[in-house]
Colleague: 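Got a structure here, written out as structure tokens. Questions coming.
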2 protein chains.
Amino acid sequence: MAQHIVIVEDDAVTRKRLAASLRKQMYRVSEAENAGQMEEVIARDPADLLLVDINMEGKDGLTITREQRAASKVGIILLTSRDDQIDRIIGLEMGADDYVTKPFDRRELFARIKNLLARISELSEVRQKVEPVAQVGGWTLDHLRRRLVDESGTIEPLTRAEFELLHAFFRHPGVILSRDRLLDLIQHRQWDPDNRTIDVLVGRLRKKIETNPSNPDWIITVHGEGYLFAPPDI
Amino acid sequence: MAQHIVIVEDDAVTRKRLAASLRKQMYRVSEAENAGQMEEVIARDPADLLLVDINMEGKDGLTITREQRAASKVGIILLTSRDDQIDRIIGLEMGADDYVTKPFDRRELFARIKNLLARISELSEVRQKVEPVAQVGGWTLDHLRRRLVDESGTIEPLTRAEFELLHAFFRHPGVILSRDRLLDLIQHRQWDPDNRTIDVLVGRLRKKIETNPSNPDWIITVHGEGYLFAPPDI
DNA sequence: CATCCCTTTTTACATTCTTTTACAAGTTCG
DNA sequence: CGAACTTGTAAAAGAATGTAAAAAGGGATG
């Protein structure tokens, strides 16, 4: 799901303009005009990144930074005015990750946002130890290099779509999978009745793995329902 | 080899005058009029010492200090104006090694430079030994010298961009990285759909590290998504 | 400062991959 | 059996990638 950015800024014009352009970049954006609103928002939907104006009525940006940093590892970028160097430094010492000076350059701000979000998601990225290979029948699917190896070690290269589809089959042996489900498994895409992508891909996979593609042993057609991956050894 | 000093100063007069007199003292001197230029310079040829003006358009001296200090143990001397005591103090807190106030006395500055460089070179032997090299498969990526060494010890020189890209790959093995992300990792640059820089660089890297560049084992293309670094031993 | 050399980026075109289209062939069920 | 529907598949269209070569930078040198 899209990453969640919360803008905390009491000037409505700046806030809304910023929110609009961030939404255009496909971020999920919430707006708060003060610390209280922000807390409500993130209680409901935790933020990945806070964009906080340093000068606000009530609880200011530095206080927010200190409090949030103590509570979580959310990314924090401060919006400061150009001449407020001291605030900037203190902000960083309090745990903000970055700052931009107002009036800010859009592209610079966006670059910093993207950058920080990437760093953050890297940290939380639990390196899921994927099994490097899956063996079925005589075939070995090399997950790491996304290719297929036969018993003798010969490499059968797969395109991205072929690999994704075969991978989906390997994960669901002996189960009938609808075209809809398969399309979802390989690319999170919506299926519509005259989408023939899966059929074409099945045809190509059969050419690569079946002894006799027109009389398949591995990928079986189930008329009206979908396809069934039927490896010999399950 | 002579020690490398980088002057980061946007006033050309001050900068060039300083550079000239430092060159007379047999230092290797590079000039940068802003943070971007500085980064390019030290990417190509790491600095022993940065001389940074604290007041500059764009990224200022304090920011540079913070960033560089986080990345390395390079020596940093700040050039401050006489009345900016706060900046000086903050600068030192952020990790600058020393500062001089403008207008500065030549002999004083040179004394401080000599002093700091001496302290650094004392450390540098130790630092070189612990300087990390990354080993993956049969390759060793030498961070210090920015080059690649194979199992037999043969050196494969890399250009700056090639090194940065390979370094990014080394840091993210087994993960699909989009072109956007890669460009960000190697130079904090915005990606646009018809930027082919990454593709070209991947092509060049493949020529250097793949047995068969048109059938790569290490850097795998994932159509529509990006590239995947697949070392044999993760 | 002009010039050279090396690196990086852009451009242009060839190639490959994905999806769609079109029609042939197969299946179901009255 | 035959109409209605589903599947197989070649081939076209549309995108993305590979890559040589031109253009643009950038630093070094005289």
Side-chain angles (χ1 to χ4, degrees), chain A residues 146-147 157-166 176-180 182-183 186-187 189-208 210 212-216 219-228, chain B residues 1-2 4 6-7 16 19 23 28-34 36-45 47 146-147 157-166 176-180 182-183 186-187 189-208 210 212-216 219-228:
Chain A
R146 321 184 119 234
R147 58 197 190 185
L158 298 175
T159 68
R160 192 207 83 218
E162 287 163 4
F163 171 81
E164 297 292 352
L165 181 59
L166 189 55
I176 298 172
L177 298 166
S178 68
R179 287 170 178 71
D180 194 351
L182 286 168
L183 213 50
I186 73 174
Q187 53 173 229
R189 213 167 69 127
Q190 214 39 32
W191 184 78
D192 69 286
D194 37 291
N195 184 315
R196 309 298 309 286
T197 306
I198 296 296
D199 303 61
V200 172
L201 283 172
V202 165
R204 293 207 189 115
L205 271 185
R206 282 177 174 155
K207 276 193 195 152
K208 293 194 175 180
E210 299 282 0
N212 178 3
S214 56
N215 206 24
I219 305 177
I220 313 288
T221 303
V222 183
H223 194 99
E225 301 196 42
Y227 295 98
L228 165 66
Chain B
M1 187 161 52
H4 184 204
V6 179
I7 303 173
K16 290 199 181 298
R23 289 202 180 95
R28 209 145 40 88
V29 182
S30 302
E31 302 178 36
E33 61 176 86
N34 55 47
Q37 286 188 7
M38 177 200 72
E39 279 160 11
E40 285 176 24
V41 167
I42 63 181
R44 195 159 328 191
D45 183 1
R146 313 203 138 220
R147 62 191 194 183
L158 297 174
T159 66
R160 181 187 64 82
E162 286 163 3
F163 173 84
E164 294 296 345
L165 181 60
L166 190 55
I176 299 172
L177 299 167
S178 67
R179 288 169 178 71
D180 191 352
L182 286 167
L183 213 51
I186 73 176
Q187 52 174 237
R189 215 168 69 126
Q190 280 304 95
W191 184 79
D192 69 286
D194 36 288
N195 183 315
R196 309 295 309 286
T197 307
I198 297 294
D199 303 59
V200 173
L201 282 172
V202 165
R204 291 213 265 263
L205 272 185
R206 281 179 175 155
K207 275 194 198 152
K208 295 193 173 179
E210 300 281 359
N212 178 3
S214 57
N215 216 35
I219 305 178
I220 313 273
T221 301
V222 184
H223 191 107
E225 300 192 41
Y227 295 98
L228 162 67

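Convention: sequence-line order gives letters A, B, ...; per-chain numbering from 1.
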Colleague: Checking B/Glu162 side chain against B/Leu158 main chain: does a donor-acceptor pair fall under 3.5 Å?
Modeller: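 It does not hold such a pair.
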Colleague: Side chain of A/Thr159, heavy atoms from C-beta onward: which of C/dT7, C/dT18, D/dT7 has the nearest atom to it?
Modeller: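 Per side-chain heavy atoms of A/Thr159, the pick is C/dT18.
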Colleague: Map A/Val222 and B/Glu31 onto DNA chain D by nearest heavy atom, then report which one ends up closer to the 5' terminus.
Modeller: A/Val222
Colleague: Hey, does A/Asp199 have a side-chain heavy atom less than 4.5 Å from the side chain of A/Arg179?
Modeller: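 Counting from C-beta outward, A/Arg179 and A/Asp199 do come under 4.5 Å.
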Colleague: Under 3.5 Å, is there a donor-acceptor pair between the B/Asn195 and B/Thr197 side chains?
Modeller: yes
Colleague: By the 4.0 Å heavy-atom rule, please label B/Tyr227 as base, sugar-phosphate, or nothing.
Modeller: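 Since only primed, P, OP1 and OP2 atoms lie under 4.0 Å of B/Tyr227, the category is sugar-phosphate.
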Colleague: Quick one, give me the B/S/- string for nucleotides 21-30 of chain C, reading 5' to 3', where B means a protein heavy atom under 4.0 Å from the base and S means that only happens at the primed atoms, P, OP1 or OP2.
Modeller: BB----SS--
Colleague: How close do A/Leu228 and A/Ile176 get, heavy atom to heavy atom, and via which atoms?
Modeller: CD1-N, 4.0 Å
Colleague: Is any side-chain N or O of B/Ser30 closer than 4.0 Å to OP1 or OP2 of D/dG27?
Modeller: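 Looking at the OP1 and OP2 atoms of D/dG27, neither is under 4.0 Å from any side-chain N or O of B/Ser30.
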Colleague: Return the nearest nucleotide to the side chain of B/Lys207; candidates are D/dA20, C/dT19, D/dT17.
Modeller: D/dA20
Colleague: Compare the minimum distances between each of C/dT19, C/dT9, D/dT17 and the side chain of B/Leu201, then state the nucleotide with the smallest one.
Modeller: C/dT9
Colleague: Describe the nucleic acid contact of B/Arg204 in one word from base, sugar-phosphate, nothing, applying a heavy-atom distance below 4.0 Å.
Modeller: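 Base, at least one base atom sits under 4.0 Å.
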